[in-house]
Amino acid sequence: MKLYVSLTSPFARKVRIGLAEKGLAQRIEQIVVDPWNDDGTLTATNPLSQVPALQLDDGLALTDSDTILGWLDRAFPQPPLWPHAPQARTHAEAIAALAQTLLEYTVFLVLEGRRPPATRSAPMIERRTQSLIRGIEALDHRFHASTVHFHLDSIGVACALGYLDFRQPELDWRRHAPKLATWMEWAAQRPSVRGTAPPPA
Ligand SMILES: N[C@@H](CCC(=O)N[C@@H](CS)C(=O)NCC(=O)O)C(=O)O
């Protein structure tokens, strides 16, 4: 089994935190690649040239963070990555989905920022920025974090906020989310989160 990651990818970080929470970080070989500058190592497993990607021992490749985490939770059920009770599970899935889209929007802003200014789409940048702010405010109200478990809602939120700090500090998300700001101080100390922080930009 081989997991392809980059150390700056927030999607890969979700999987790396999930592995650490399950105590599997040392059991699954992690291969650091650059999806933007691949020599064929990554595309041999993921033709889309994205991380994370997990090559299973039977040859099947999983090419999306949530798919990989779903497999991981079935293959290694303890400790679980989701709450057991149906209502709690639905709530956690809603939070995780919101966090995943926040990540996608943040990546969009990062990629737009790398384009020559004349080719950037100002209306889309504005639309995504406003959605991000509303999404962060919604998370601040809707996310009732457990301090006992670190399920996929917590993992997703920690990765989304950590990525904003890493790539979009000027958005100053804490201004929009005082409760999340306090929670993130706690979450950042968790070994799985601390141990997967991106290297200095
Ligand atoms: N939906 C995917 C998104 C993965 C993704 O966009 N990964 C980025 C790294 S942050 C990547 O590999 N980008 C390279 C590319 O899109 O060509 C997931 O959740 O795993």
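When a ligand or atom number is given, it counts from 1 through the structure's own listing order. The figures here come from the full heavy-atom set of this structure, side chains too, leaving out hydrogens, waters and symmetry mates.
Not one N or O on the side chain of R89 forms a donor-acceptor pair closer than 3.5 Å with the backbone of P83. D73 places a side-chain N or O within 3.5 Å of a backbone atom of L81 that can act as its donor or acceptor partner.
The protein atom (non-hydrogen) at minimum distance from atom 5 (C) of ligand 1 is F11 CD1, 3.4 Å. The protein non-hydrogen atom at the shortest distance from atom 7 (N) of ligand 1 is V51 O, 2.8 Å. Regarding atom 16 (O) of ligand 1, its nearest protein heavy-atom neighbour is Q50 NE2, 2.9 Å. The closest protein non-hydrogen atom to atom 13 (N) of ligand 1 is W36 CZ2, 3.7 Å.
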- Item | salt bridge (Lys or Arg N to Asp or Glu O under 4.0 Å) assessment of K14 paired with D64 | CA-CA 11 Å; K14 284 168 54 187; D64 171 79; over 6 Å; no
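The closest approach between D64 and ligand 1 falls below 4.0 Å for a heavy atom of the residue. In this structure, D66 has no heavy atom closer than 4.0 Å to ligand 1.
Not a single N or O atom of P10, backbone or side chain, sits closer than 3.5 Å to an N or O atom of ligand 1. Checked by distance only, ligand 1 and S9 stay at 3.5 Å or farther apart across all their nitrogen or oxygen atoms. An N or O contact shorter than 3.5 Å links S65 to ligand 1 by distance. Close N/O approach between Q100 and ligand 1 is found [any backbone or side-chain N/O within under 3.5 Å].
Judged by distance alone, the side chains of T106 and Q168 never bring a donor and an acceptor atom under 3.5 Å apart. Judged by distance alone, the side chains of S49 and D38 never bring a donor and an acceptor atom under 3.5 Å apart.
Near S49, the atoms of ligand 1 lying under 4.0 angstrom from a non-hydrogen atom of the residue are 12 (O), 14 (C), 15 (C), 17 (O). Atoms of ligand 1 lying under 4.0 Å from at least one heavy atom of P35, given by number and element, are 12 (O), 14 (C).
Within 6.0 Å of atom CZ in R115, more than 12 heavy atoms from other residues, nucleotides or ligands are found, so the atom counts as buried in its surroundings. Atom CZ of R127 sits in a sparse spot, with 12 or fewer heavy atoms from other residues, nucleotides or ligands closer than 6.0 Å. Other residues, nucleotides and ligands contribute only 12 or fewer heavy atoms inside 6.0 Å of the CZ atom of R142.
The residue from D172, I136, L102 that alone fulfils the side-chain contact (heavy atoms from CB on, under 4.5 Å) condition with L164 is I136.
Of all the heavy atoms of S6, none lies under 4.0 Å from any atom of ligand 1, so neither backbone nor side chain is involved.
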